[in-house]
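The analysis underlying the following values was restricted to heavy atoms, covering all of them including side chains, and did not include hydrogens, waters or symmetry mates.
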Amino acid sequence: YKIFFFLLLGFCFMFSGATAIGTYLINIVKSLGGNTSLYGVAMFAMAFSELPVMMTVPKLMKKFNLITFAVILMLLPILQSCLDDANNDEWVTCPPGGVLAIGTMKIPNADTPRDFFIALDNGNNVFPADTADIRNWKYTVAEGQRVFVGYVKMEGEEKPGYENGKIFTIEDILTKDIIPLTEATADSIGDDRINVTAHALTKDYLTIEYQYLGSMDENKKHMLNLVQNEITGPVEDDGYICLEFRHNAFDDSPSKLGSSLVSFKLANIADLLPTAKGIKLRVNTIYDNIQYITIDINEDKNLKIKSFHSQ
């Protein structure tokens, strides 16, 4: 009975995991840009995937005894976790104690551009006390450049208002101005489907993490814009500034789902921000058609992202 007990215990753990996945699958699907229709497809695929196993188990049971078969089933998850993911090199690896953040490059003295610091969106300033990990990248430092930065806090004497950081990754973020949408520019600006998966609003920038469909061919460029619609208006709605996040895929094949970041300067609406509640953002989403996202002025300014792919 001991073997039977542990077998039942193993089934309990297995079904606990399966139940948790089934319960939260809709959240997983939506976080990847899907909707309830895609959730139904995922549920069907999960159910259908049981059929091959059900058909092959009787044959396998004839070749292996119960204990050998149970050991094989236990080892499969371990073997799977040891497989190398071919795409791991595309992701930023965050070391223990590492911080991934978004900020703006600042150069106090133009004569010494390498003596820069990064003003993070959360109000902190990071001084790059150690840049050994990125020295071979030939990274070009530019005043005002929006960046995605990964760093580890370092011990030691700090300048007042700064924290020392060992920079292990730094990438430029596409940064653009808000532009008007007019009859003359509507076709070139486009309105192809795109998702907003996260956003952060500061006094100077609106930063958006987005998903888009494309071939992922580096020669196929997409265009992103944040626009004020002068064709339909209005400029404000219920105290919110109405803007539209527009995407032009230039007829690129929508075969893969990609993601990245973009920052938009708020200088063109700076006179409206002091009295506004926030921004109401129109987005033509990938699966749910046109949606409106409300971004409050006083929301958390930390964009919680785990990785970054430059487009």
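The two atoms that bring Phe245 and Val196 nearest to each other are CD2-CG2, 3.7 Å, heavy atoms only. Considering every non-hydrogen atom in both Ser215 and Lys256, the closest pair reads O-CD, 4.0 Å. A pairwise comparison of heavy atoms in Glu230 and Pro180 identifies OE2-CB, 3.3 Å as the closest pair. Nearest heavy-atom pair, Gln228 versus Ile269, reported as atom, atom and distance to 0.1 Å: NE2-CG2, 3.6 Å. Across every non-hydrogen atom of Leu224 and His247, the tightest pair is CD2-CD2, 3.8 Å. When all heavy atoms are compared, the tightest approach of Ser263 to Tyr205 is CB-CD2, 4.4 Å.
Side-chain atoms of Tyr292 and Cys242, non-hydrogen and from C-beta on, never get closer than 4.5 Å to each other. Residues Val147 and Asp172 are in side-chain contact: their nearest non-hydrogen atoms beyond the backbone lie under 4.5 Å apart. You'll find the side chain of Leu261 stays beyond 4.5 Å of the side chain of Leu174, heavy atoms only. In this structure the side chain of Glu143 reaches within 4.5 angstrom of the side chain of Lys106, judged on heavy atoms. When side chains are defined from C-beta on, Phe168 counts as touching Leu100, because their heavy atoms get closer than 4.5 Å. Under the 4.5 Å side-chain criterion, counting only non-hydrogen atoms from C-beta, Asn109 is not in contact with Asp115. You'll find the side chain of Phe250 stays beyond 4.5 Å of the side chain of Lys221, heavy atoms only.
Judged by distance alone, with hydrogens and angles left aside, the side-chain atoms of Asp192 form a donor-acceptor pair with the main-chain N or O of Ala249 at under 3.5 Å. In this structure, the side chain of Asn122 engages the main chain of Asn124 through a donor-acceptor pair within 3.5 Å. Asp252 places no side-chain N or O within 3.5 Å of a backbone atom of Gly214 that could act as its donor or acceptor partner. The closest donor-acceptor contact from the side chain of Glu171 to the backbone of Phe148 lies at 3.5 Å or more, if one exists at all.
With Pro128 as reference, Ile167 is the one residue of Asn164, Ile167, Val141 to meet the side-chain contact (heavy atoms from CB on, under 4.5 Å) rule.
Every pair passing side-chain hydrogen bond (donor to acceptor under 3.5 Å, both in side chains) that includes a residue from residues 178-190 is listed here, sequence neighbours excluded: Thr182-Thr185.
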Step by step, would you call Ile290 with Asn284 a side chain to side chain contact (heavy atoms under 4.5 Å, CB included)? CA-CA 4 Å; Ile290 295 175; Asn284 187 15; 4.0 Å; yes
Give the C-alpha distance, both sets of side-chain angles, the deciding distance and a yes or no for side chain to side chain contact (heavy atoms under 4.5 Å, CB included) between Lys176 and Asn225. CA-CA 7 Å; Lys176 306 185 73 173; Asn225 282 294; 3.1 Å; yes
Decide yes or no on side chain to side chain contact (heavy atoms under 4.5 Å, CB included) for Thr207 and Arg146, but give the supporting numbers first. CA-CA 10 Å; Thr207 301; Arg146 295 284 286 167; 2.7 Å; yes
Yes or no on side chain to side chain contact (heavy atoms under 4.5 Å, CB included) for Ile286 and Leu257, after CA distance, side-chain angles and deciding distance? CA-CA 10 Å; Ile286 295 176; Leu257 185 67; 3.8 Å; yes
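A search for side chain to side chain donor-acceptor pair (under 3.5 Å) contacts involving Arg246 returns Glu244, not counting sequence neighbours. Among residues two or more places apart in sequence or in another chain, the side chain to side chain contact (heavy atoms under 4.5 Å, CB included) test is passed with Asp177 by Lys265, Asn268.
Between Arg282 and Asp191 there is a salt bridge, since at least one side-chain N of the basic residue sits less than 4.0 Å from a carboxylate O of the acidic one.
Donor-acceptor pairing under 3.5 Å is recorded for the side chains of Thr232 and Asn229.
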